[in-house]
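Remember, it's a predicted structure, so these values are computed and weren't measured experimentally. Here is how names work: the chains are called A, B, and so on, in the same order as the sequence lines, proteins then strands, and each is numbered from 1.
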Amino acid sequence: MKIASFNVNGIKARLHQLTAWLPEARPDIVVLQEIKSVDEAFPSGPIEDLGWQVHTHGQKSWNGIAILSRLPVEAVRRRLPGDEADEQARYVEAVVMGDHCAVTVAGLYLPNGNPAPGPKYDYKLDWMERLRRRAAELLASEEPVVMLGDFNVIPEPRDAAHPERWAEDALFLPPTRAAFRRIVNQGWTDAIRIGDPHAGRGPFTFWDYQRQSWERDNGIRIDHILLSPQAADRMRGAGIDRDQRAGDKPSDHVPVWVELAA
DNA sequence: ATGGTAGTGTAACTA
């Protein structure tokens, strides 16, 4: 079972890239972030025509998430628990039926949090605490769980080409990294770090559109795949589709993926 | 300190 995450930065502007990448990469499950579309306006047709079921959780103009699946999906849950007043569409969860076992997939678009300090940063840290609580519940199931998406967290200096430039940024501030570690240290495995070992800096998953970041390989690693122990036992590979950043009108993120024997 | 680019949606915001 191949599970992928892709921040498309606007589904309407990225349909060409997504419909070219899906048949090429052949994932079984994809979580999308930043669809920037209400559910009714999501272009499901061209994706369904390629064999994928579409489950969206959108909002107008910003954020928004979706799960695409070629396998049977049950128990789709939208919204991260813990704050009924939170209107931002950033979390979707589903149970996917594999040949050998069921896998819970949690897709997320964690708040950016800039500028920090400020209310947006407070919201980010609150959201991370809610995610930590949900992550603990998912781990307690002792089932295969894959929690993946755009975390908007640079975990370590080696995850940025120029970490010093991120020192004051909400993606790299010490409280952000500590909150991420509190989740990982519950017992999750960082699939990209394990599956795609890299001696020096990188690998990266995001390159800004500005300042020729891609041409200069000035990237960061902020799209992550966390595996429960039962999912990590089944991991057969993981990777980053880096080439996707080089095409015509690409997203500023590239897809990340993990392959499980499931 | 500023501005550089992109998407949504058509002004101003988010990233």
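- Of the P atoms belonging to dT10(B) and dT5(B), the separation is 23 Å, rounded to the nearest Å.
- Checking dG9(B), dT8(B), dA6(B) against every side-chain atom of Y209(A), the shortest atom distance belongs to dA6(B).
- Computed from coordinates, the H253(A) NE2 to dG7(B) C1' distance equals 12 Å when rounded to whole Å.
- Side-chain atoms of W207(A) and D252(A) form no donor-acceptor pair, as typed in the model, at a separation below 3.5 Å.
- Nucleotide dA15(B) holds its P atom 6 Å from the CG atom of N63(A), rounded to whole Å.
- Counting heavy atoms from C-beta outward, V95(A) and V103(A) have side chains that stay 4.5 Å or more apart.
- A residue-by-residue look at G10(A) and D208(A) shows that D208(A) has its nearest nucleotide of DNA chain B further toward the 5' end.
- In the set dA15(B), dT8(B), dA6(B), the nucleotide with an atom closest to the side chain of S61(A) is dT8(B).
- Separating the P atom of dA1(B) from that of dA6(B) is a span of 26 Å, rounded to the nearest Å.
- Whole-Å rounding puts the Q59(A) CD to dT14(B) C1' distance at 11 Å.
- Rounded to a whole Å, the CG atom of N112(A) is 18 Å from the P atom of dA6(B).
- Formation of a donor-acceptor pair under 3.5 Å by the R78(A) side chain with backbone atoms of T56(A) is found in this model.
- Taking every side-chain heavy atom of K120(A) into account, dT14(B) is the closest of dT14(B), dG7(B), dA15(B).
- Checking dT8(B), dT14(B), dA15(B) against every side-chain atom of W62(A), the shortest atom distance belongs to dT14(B).
- Picking from dT5(B), dG7(B), dG9(B) the nucleotide with the shortest atom distance to the side chain of Q210(A) gives dT5(B).
- Ring-plane geometry between F151(A) and F180(A) is classed as perpendicular, the angle between the planes exceeding 60 degrees on a 0 to 90 degree scale with a lower cut at 30.
- At dA6(B), none of the side-chain N or O atoms of K36(A) fall inside 4.0 Å of OP1 or OP2 (strictly under the cut-off).
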